[in-house]
**Q** 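Right, I'll just put the structure down here and ask away after.
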Amino acid sequence: MPTWVYFLHPPRDDFAATMTDDEAAIFGDHFEHLSRLLADGVLILAGPTLGSTNTGLCIFDAPDEPAARAVMESDPAIARGVVAGELREMRVSLLRGRD
């Protein structure tokens, strides 16, 4: 099955430290959403980059681009317009535990 990555581009520098209460609530929904994808065997890895630019990334499996786009667009942080999403197909060349 193809592997995909989507990036979550924050609206400003130091986003993690400057989230409003509304943004933090949406990111709580985002975390729950990703937890469900992990439990369902869809999500491989997710997390933010650190430093002043807090770009998030989610690596997951989906059979094709429309399915991958549906996964990305169902993320509450993207669906509610807090962050911009960017989808790319990727090739996993090396991954511990995966041949």
Side-chain angles (χ1 to χ4, degrees):
M1 180 166 317
T3 301
W4 301 83
V5 59
Y6 70 87
F7 300 93
L8 296 96
H9 298 290
R12 60 187 173 276
D13 286 344
D14 297 313
F15 180 67
T18 63
M19 271 192 243
T20 66
D21 290 343
D22 288 342
E23 290 168 336
I26 291 169
F27 264 82
D29 295 342
H30 157 80
F31 187 84
E32 289 177 16
H33 174 74
L34 294 181
S35 295
R36 284 190 301 276
L37 291 176
L38 183 66
D40 291 345
V42 174
L43 184 68
I44 298 168
L45 168 90
T49 59
L50 303 179
S52 63
T53 303
N54 306 125
T55 304
L57 63 94
C58 298
I59 299 174
F60 63 103
D61 292 325
D64 54 34
E65 185 171 352
R69 188 159 302 283
V71 169
M72 180 184 77
E73 291 175 351
S74 69
D75 186 316
I78 293 170
R80 296 183 194 160
V82 175
V83 298
E86 176 188 357
L87 178 67
R88 296 186 198 174
E89 187 173 8
M90 66 175 290
R91 179 180 304 122
V92 177
S93 299
L94 297 169
L95 176 64
R96 181 178 46 205
R98 190 188 262 190
D99 295 330

**Q** According to a 4.5 Å side-chain heavy-atom criterion applied to Ile, Leu, Val, Met, Phe, Trp and Tyr, with indirect links allowed, do Leu38 and Ile44 form part of one hydrophobic cluster?
**A**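 Different clusters.
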**Q** Between OG1 of Thr53 and CG of Asp14, what distance do you get to the nearest 0.5 Å?
**A**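 Nearest 0.5 Å value for the OG1-CG distance: 8.0 Å.
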**Q** For Val5 and Leu45, run side-chain contact (heavy atoms from CB on, under 4.5 Å): C-alpha distance rounded to whole Å, both residues' side-chain angles, the deciding distance at 0.1 Å, then the answer.
**A** CA-CA 9 Å; Val5 59; Leu45 168 90; over 6 Å; no
**Q** Mind listing the closest non-hydrogen atom pair of Leu43 and Ala46 along with its distance?
**A**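 Minimum heavy-atom contact is CD2-CB, 4.0 Å.
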**Q** With a 4.5 Å cut-off on side-chain heavy-atom distances among I, L, V, M, F, W and Y, is there a chain of contacts connecting Leu57 to Phe31?
**A**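 No; tracing contacts between hydrophobic side chains, which count when under 4.5 Å, never links both residues.
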**Q** Atom CZ in Arg80, atom CZ in Phe27: separation rounded to 0.5 Å?
**A**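 It comes to 11.0 Å.
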**Q** Give a yes or no answer on whether the side chain of Asn54 reaches the backbone of Ala16 with a donor-acceptor pair at less than 3.5 Å.
**A**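 A pair under 3.5 Å: yes.
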**Q** Check Arg12 against Met19 and note the closest heavy-atom contact, atom names and distance.
**A**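 Scanning both residues completely, I find the closest heavy atoms to be NH2-CA, 3.7 Å.
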**Q** Taking atom CD1 of Ile59 and atom CH2 of Trp4, what is their separation to the nearest 0.5 Å?
**A**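 The CD1 atom of Ile59 sits 13.5 Å away from the CH2 atom of Trp4.
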**Q** Can you tell me if CG on Asp21 sees more than 12 non-hydrogen neighbours from other groups inside 6.0 Å?
**A**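 Incorrect, the count does not exceed 12.
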**Q** Identify the two heavy atoms, one from Pro63 and one from Met1, that lie closest to each other, and give their separation to 0.1 Å.
**A**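 Taking Pro63 first and Met1 second, the nearest heavy atoms are N-SD, 3.8 Å.
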**Q** Consider only side-chain heavy atoms of I, L, V, M, F, W and Y, link residues closer than 4.5 Å, and tell whether Val82 and Phe7 are in one cluster.
**A**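 No.
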**Q** For Ile78, run the side chain to side chain contact (heavy atoms under 4.5 Å, CB included) check against Ile26, Leu8, Leu87 and tell me which one passes.
**A**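 Option passing the side chain to side chain contact (heavy atoms under 4.5 Å, CB included) with Ile78: Leu8.
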**Q** Specify the closest pair of heavy atoms between Pro2 and Glu89, including all atoms of both residues, with the distance to one decimal.
**A**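 Closest approach of Pro2 to Glu89: CB-OE2, 3.6 Å.
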**Q** If you measure from CG on Leu37 to SG on Cys58, what distance do you get to the nearest 0.5 Å?
**A**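 So the CG of Leu37 and the SG of Cys58 are separated by 8.0 Å.
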**Q** Find the distance between CE (Met72) and CD (Glu65) and round it off to the nearest 0.5 Å.
**A**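 Rounded to the nearest 0.5 Å, the CE-CD separation comes out at 9.0 Å.
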**Q** Nearest 0.5 angstrom please: Asp40 CG to Phe60 CZ, how far?
**A**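 Answer for the CG-CZ pair, Asp40 versus Phe60, is 13.5 Å.
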**Q** Less than 4.5 Å apart, any side-chain heavy atom of Pro48 and any of Thr55?
**A**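 No; the side chains remain at least 4.5 Å from each other.
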